[in-house]
2 protein chains.
Amino acid sequence: MSSGTRAPVAGDRPRWLDRTEMAAWLPLVRLVTLLPQRLDRQLREDAGIGHVYYQVLAMLSEAPDEQLRMSELAGLTATSPSRMSHAVSALEERGWVVRCPVEQDGRGQLTRLTAAGRTAIEQLAPGHVAEVRRLVFDPLTDDEVDQLARLTTKLLGSASR
Amino acid sequence: MSSGTRAPVAGDRPRWLDRTEMAAWLPLVRLVTLLPQRLDRQLREDAGIGHVYYQVLAMLSEAPDEQLRMSELAGLTATSPSRMSHAVSALEERGWVVRCPVEQDGRGQLTRLTAAGRTAIEQLAPGHVAEVRRLVFDPLTDDEVDQLARLTTKLLGSASR
DNA sequence: CCCAATTGCTTGAGACTTCAACATCCTGAG
DNA sequence: CTCAGGATGTTGAAGTCTCAAGCAATTGGG
């Protein structure tokens with residue numbers, strides 16, 4: 001406890017979740033626990049890296065000149081600068097990525113895909129896509145895919161703030 | 001790479017995601033990254049524990065006699081036995097939970113909420129619910145909450161297997 | 001009864017994430 | 001010009017998660 005800033009004063013207690021909300025909340029929590037687990041496991045078996053690391057390679061492979069700034073990578077993958085720094089270091093050790101300074105801004109760092117990195121993502125992508133299909137898109141109808149897009153986009157608004 | 005079992009043979013390459021699917025996939029990945037982050041942060045500020053640990057307390061507080069077996073806890077929270085064992089150890093150190101052997105099965109362990117644990121969850125719950133509302137339910141209409149329940153439940157089917 | 005296979009859980013090592021502190025560079029007000 | 005404040009990244013420590021290995025208890029087939 002340690003004197004939280006959010007004092008649990010009786011009276012300002014928010015409404016608890018009703019039955020309908022629980023019917024959405026419980027599976028949602030399970031899903032956000034389980035989905036990263038599955039994505040991580042499949043990639044770790046195939047390449048020894050987790051999903052975040054794969055995302056870095058994926059974003060780089062689609063960026064102009066196959067390079068991005070740390071802050072852009074962090075933004076695109078919704079991770080902290082610190083986490084991204086560690087992640088890029090790990091990818092650098094594998095030789096899949098290199099760091100180099102930015103011309104115009106002495107603070108910045110560019111991360112660029114190496115040839116080995118490109119090979120890696122090209123070999124990884126098919127298996128990953130297959131897993132994504134199996135986990136997410138195969139069970140859904142076209143309409144449901146649209147619903148999923150709308151819902152997740154809407155929820156991102158509040159989660160990003 | 002290291003000779004994955006899933007050989008990237010040209011030809012068996014699965015269909016890449018189309019525009020519609022991407023419109024669902026990208027926000028879904030962000031959501032699945034961001035939501036646990038937010039839940040963790042709020043709980044960590046208030047109590048110094050992450051969301052998984054809170055879930056343990058929450059499930060225990062609603063169980064008969066406020067106790068559950070390790071395997072039940074693991075199942076309910078969609079985590080591995082190992083993770084749950086570590087988690088319960090951490091909660092035990094805080095004095096919020098105790099372990100005791102099961103009568104009928106010498107292998108099993110029961111985890112029971114302590115008085116301090118009950119106090120903790122009672123003080124934590126209002127702030128947590130408020131955060132859940134802010135992040136998930138406030139932005140959605142009633143119809144959308146229903147859609148969310150159906151979609152997440154459907155996706156859980158494939159992710160659990 | 002006996003033992004091999006299974007179940008339930010724990011442990012330790014290594015990898016990953018977070019947090020706070022820090023170093024560096026840029027920007028703009030005075 | 002100068003310096004305070006902001007922005008960009010990095011680092012190390014502490015906590016957490018995963019994986020593989022292991023232990024103890026139970027179960028089931030012979």
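Just so it is clear: chains get the letters A, B, ... in the order the sequence lines come, proteins before strands, and each one is counted from 1.
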Between P of C/dC25 and CZ of A/Arg69, the distance in whole Å: 14 Å
Nearest whole Å is fine: how far is D/dA7 P from A/Glu72 CD? 17 Å
Which one, D/dT8, C/dC9, D/dT18, comes nearest to the side chain of B/Ser80? D/dT18
Nearest-Å distance, CD (A/Glu93) to C1' (D/dT10)? 14 Å
With distance as the sole test, does A/Asp18 use its side chain to make a donor-acceptor pair with the main-chain N or O of A/Thr20 at under 3.5 Å? yes
Between D/dG15 (P) and B/Arg94 (CZ): distance, integer Å: 9 Å
Nearest heavy atom decides the nucleotide; on that basis, is B/Ala90 or B/Gly106 closer to the 5' end of DNA chain D? B/Ala90
Could you tell me the separation between the CE atom of A/Met84 and the C1' atom of C/dC16, rounded to a whole number of Å? 13 Å
On a heavy-atom basis, the closest approach of B/Tyr54 and B/Ile121 is CE1-CD1, 3.6 Å
For A/Glu103 and A/Gly50, find the nucleotide of DNA chain C closest to each by heavy atoms; which residue's nucleotide sits nearer the 5' end? A/Gly50
Stepwise side chain to side chain donor-acceptor pair (under 3.5 Å) test for B/Arg30 and A/Thr152: CA-CA 9 Å; B/Arg30 285 183 72 87; A/Thr152 50; over 6 Å; no
Same cluster (ILVMFWY, side-chain, under 4.5 Å), A/Leu68 and A/Val102: no
Considering only D/dT18, C/dC16, D/dC17, which nucleotide approaches the side chain of A/Tyr53 most closely? C/dC16
Given D/dT10, D/dC17, C/dC25, the nucleotide with the shortest approach to the side chain of B/Arg83: D/dC17
Verify the contact: side-chain N or O of A/Arg107 to OP1 or OP2 of D/dT10, cut-off strictly under 4.0 Å; return yes or no. no
Does A/Ser82 contact D/dT11 through a side-chain donor or acceptor facing the base, at a distance under 3.5 Å? yes
By nearest heavy atom, map A/Asp40 and A/Ser89 onto DNA chain D; which one lands nearer the 5' end? A/Ser89
Nucleotide C/dT10, atom C1' - distance to CG of B/Leu73 in whole Å: 15 Å
Check for me, please, whether B/Leu76 and B/Leu124 land in the same ILVMFWY cluster - side-chain distances under 4.5 Å, paths through other members count. yes
Which part of the nucleic acid, if any, lies within reach of B/Gln37 when heavy atoms closer than 4.0 Å are counted: base, sugar-phosphate only, or nothing? sugar-phosphate
Should we count CZ of B/Arg69 as having more than 12 external heavy atoms under 6.0 Å? yes
Measure the distance from CD1 on A/Ile49 to P on C/dC16 and round it to the nearest whole Å. 9 Å
Could you check which of D/dT10, C/dT10, D/dT16 has an atom nearest any side-chain atom of B/Ser85? C/dT10
Rounded distance in Å - CE (A/Met70) to C1' (D/dT11): 12 Å
I'd like to know if B/His86 reaches the base of C/dG12 with its side chain such that a donor and an acceptor end up less than 3.5 angstrom apart. yes
With a 4.0 Å cutoff (strictly under), does any side-chain N or O of A/Arg99 reach OP1 or OP2 of D/dG9? no
Verify the contact: side-chain N or O of A/Ser71 to OP1 or OP2 of D/dG9, cut-off strictly under 4.0 Å; return yes or no. yes
